[in-house]
Asks: 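If you scroll down you'll find the structure; I have some questions about it.
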Amino acid sequence: MAMSLPHQIGAISGAPLKIDATGVSGEAPSSATFTAVWKPASASNLRVSVQHGGTEVDRLSPSPPLSPRSGLRPDLSVTAQAMMSPSFVTDDEQQERRSGVPVFVMMPLDSVTWNHAVNRKKAMNASLQALKSAGVEGIMMDVWWGLVEGEKPGEYNWGGYSELLEMAKKHGLKVQAVMSFHQCGGNVGDSCTIPLPKWAVEEIDKDPDLAYTDQWGRRNYEYVSLGCDTLPVLKGRTPVQCYSDFMRAFRDAFSHLLGDTIVEIQVGMGPAGELRYPSYPEQNGTWKFPGIGAFQCFDKYMRHSLRAAAESIGKPEWGHSGPTDAGQYNNWPEDTNFFKKDGGGWNSQYGEFFLSWYSQMLLDHGDRILQSAMALYENRAVKISVKVAGIHWHYGTRSHAPELTAGYYNTRFRDGYLPIAKMLSRHGAVFNFTCIEMKDNEQPQDALCAPEKLVKQVGEACRRANVPLAGENALPRYDGGAHDQILRTAALDEMCAFTYLRMNPDLFQPENWRRFVAFVKRMGEGDENGGRKCREEIEREAAERFVHLTMPSVEEALMH
């Protein structure tokens, strides 16, 4: 007789479950010691400063589920509790939700190990089963350049990814595959370290100007500087050629899954996979929220381009370097001459020249890579998307300094997101935007944060450019208020998809899981008002439902 799925997960995890008429008794361990396959980033690199009740506090960035070396398996036991929670939806209900917004869930950053295998395979398999049963459309997975092509240029090891994709297919889950050409480690939520390919790092070590550089000479190894996009600086290939070859190899390796299981290719274009400069790096405490960040245009390749641009308009004196009066990473706009509201350099003729050049370099970078991606995946029945960062702090100022240093020429007098949307429109790509869950009144008001206004502006830019808008939450949120905000935004901006950050043990905790399942159901039904009454009714319905699921025996599960 086949064991029920919750029994199997409990057996695998070593956590016995007592089942009664109401669900599961007993709780998952409140704390456990976890170990990761990759070297964890230091705690200082994983903290985010936030304002709460007028007091600044440090909050640890989100972490993916990690397996313990001994004792109970928390990553499995919490999933077991979620599987036993009375919150699963039926096949008929999943069909009904097609008119709404499909929900994907981000996988842990370390889903594939350095040994090219699926990390925590049994827990992963059970978790995917749970997501499918909750009505989730699919998953988002990072396909790391530094992992797949890590040892030698042109040699690709898809081990682990092949298995994970087959898992998703088996459970009927769609996949958004992220071509992650950046380093993992040094940004919000980076809980492990995956550098760029070894051979690429060797080239950067030989020529440090291949790395983004600030005015103080600090190098950033998160992503190869776009200043050398078209130069054969990586073992005889240009960076854009490397990205193109990688995407081609992925296409050829998984052509049988394209359009069926793999429905979207998100093309990484900068740090954290986002189309931006690494202007606010958390690594080593360089930047802390809500600092304005710093321009990243001081490597020799960027300076050469700047000099040529200045000479072309007859202003060679403007081409010597980027602004040197724009403050430091953790300054505020009014601390600087360049960003201050009255008489700031950002609003001068020089400022207009520099910011136009700086932002256009970023747009050209995106244009080049998208041209390659669209050609590679033409007629493959997959969407191509690009992720743009939700930089909402100091949005209420005139200069929008943090957006400017990141490469988005958005000020009180200029729309910086319409050019991005138009660039994506030319290629038929999806505009993927973050901070969809945030409310203005939840953010530190002294920093003039305005995520809702920012999202509204981006939505309007996408409508004007006729570009599909997709969204993500910037930080892990399990509360109904965040879910309501996502629902409102999804309805107002007619989003084509939403990706939920992230699959981890917290998601499978009973209360979080119950709210999440209700959220997925509401998204699928296109609940436009996001009203409290509606949410509570759906959560109550989820709590009253109890569906037993079965899968092959635990012995079979243990063999894989």
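Computation of the quantities below employed the complete heavy-atom set of this structure, encompassing side-chain atoms and omitting hydrogens, waters and symmetry-equivalent molecules.
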Asks: Please check if the side chain of Asp493 supplies one atom and the backbone of Met495 the other of a donor-acceptor pair under 3.5 Å.
Replies: no
Asks: Look only at the side chain of His394 and the backbone of Pro290, and say whether a donor-acceptor pair between them is shorter than 3.5 Å.
Replies: yes
Asks: If only atom types and distance count, is the side chain of His365 paired as donor or acceptor with the main-chain N or O of Met269 below 3.5 Å?
Replies: yes
Asks: Any ring-ring contact (aromatic ring centres under 6.0 Å, His included) involving residues 248-271? Give me the pairs, sequence neighbours left out, ordered by first then second residue.
Replies: Trp158-Phe250, Trp158-Phe254, Phe250-Phe254
Asks: Check this for me, if you would: do Glu442 and Arg477 make a salt bridge, where the nitrogen-to-carboxylate-oxygen distance has to be below 4.0 angstrom?
Replies: yes
Asks: Is it the case that more than 12 heavy atoms not belonging to Glu494 sit under 6.0 Å from its CD atom?
Replies: no
Asks: May I ask you to check whether over 12 heavy atoms, not counting those of Asn441, lie within 6.0 Å of atom CG?
Replies: yes
Asks: When the ring planes of Phe519 and Phe516 are compared, do they come out parallel, tilted or perpendicular, using 30° and 60° as the limits?
Replies: tilted
Asks: Who are the side chain to side chain contact (heavy atoms under 4.5 Å, CB included) partners of Arg248, not counting sequence neighbours?
Replies: Ser244, Asp245, Arg251, Asp252, Leu376
Asks: Students often mix this up, so state it plainly: with edges at 30° and 60°, are the rings of Phe246 and Phe181 parallel, tilted or perpendicular?
Replies: perpendicular
Asks: Could you list the donor-acceptor pairs under 3.5 angstrom formed between side-chain atoms of residues 415-431 and any protein atom two or more places apart in sequence or on another chain?
Replies:
{"from": "Asp415", "atom 1": "OD1", "to": "Tyr417", "atom 2": "N", "distance (Å)": "2.9"}
{"from": "Asp415", "atom 1": "OD1", "to": "Leu418", "atom 2": "N", "distance (Å)": "3.2"}
{"from": "Asp415", "atom 1": "OD1", "to": "Gln457", "atom 2": "NE2", "distance (Å)": "3.0"}
{"from": "Tyr417", "atom 1": "OH", "to": "Glu403", "atom 2": "OE1", "distance (Å)": "2.6"}
{"from": "Ser425", "atom 1": "OG", "to": "Ala465", "atom 2": "O", "distance (Å)": "2.9"}
{"from": "His427", "atom 1": "NE2", "to": "Asp367", "atom 2": "OD1", "distance (Å)": "2.5"}

Asks: Looking only at atom types and distance, does a side-chain atom of Tyr408 sit under 3.5 Å from a main-chain N or O of Ala389, one as donor and one as acceptor?
Replies: yes
Asks: Please check this pair: side chain of Gln445 against backbone of Gln443, looking for a donor-acceptor N/O pair closer than 3.5 Å.
Replies: yes
Asks: Give a yes or no on this: more than 12 heavy atoms of other residues, nucleotides or ligands lie within 6.0 Å of atom CZ of Arg463.
Replies: yes
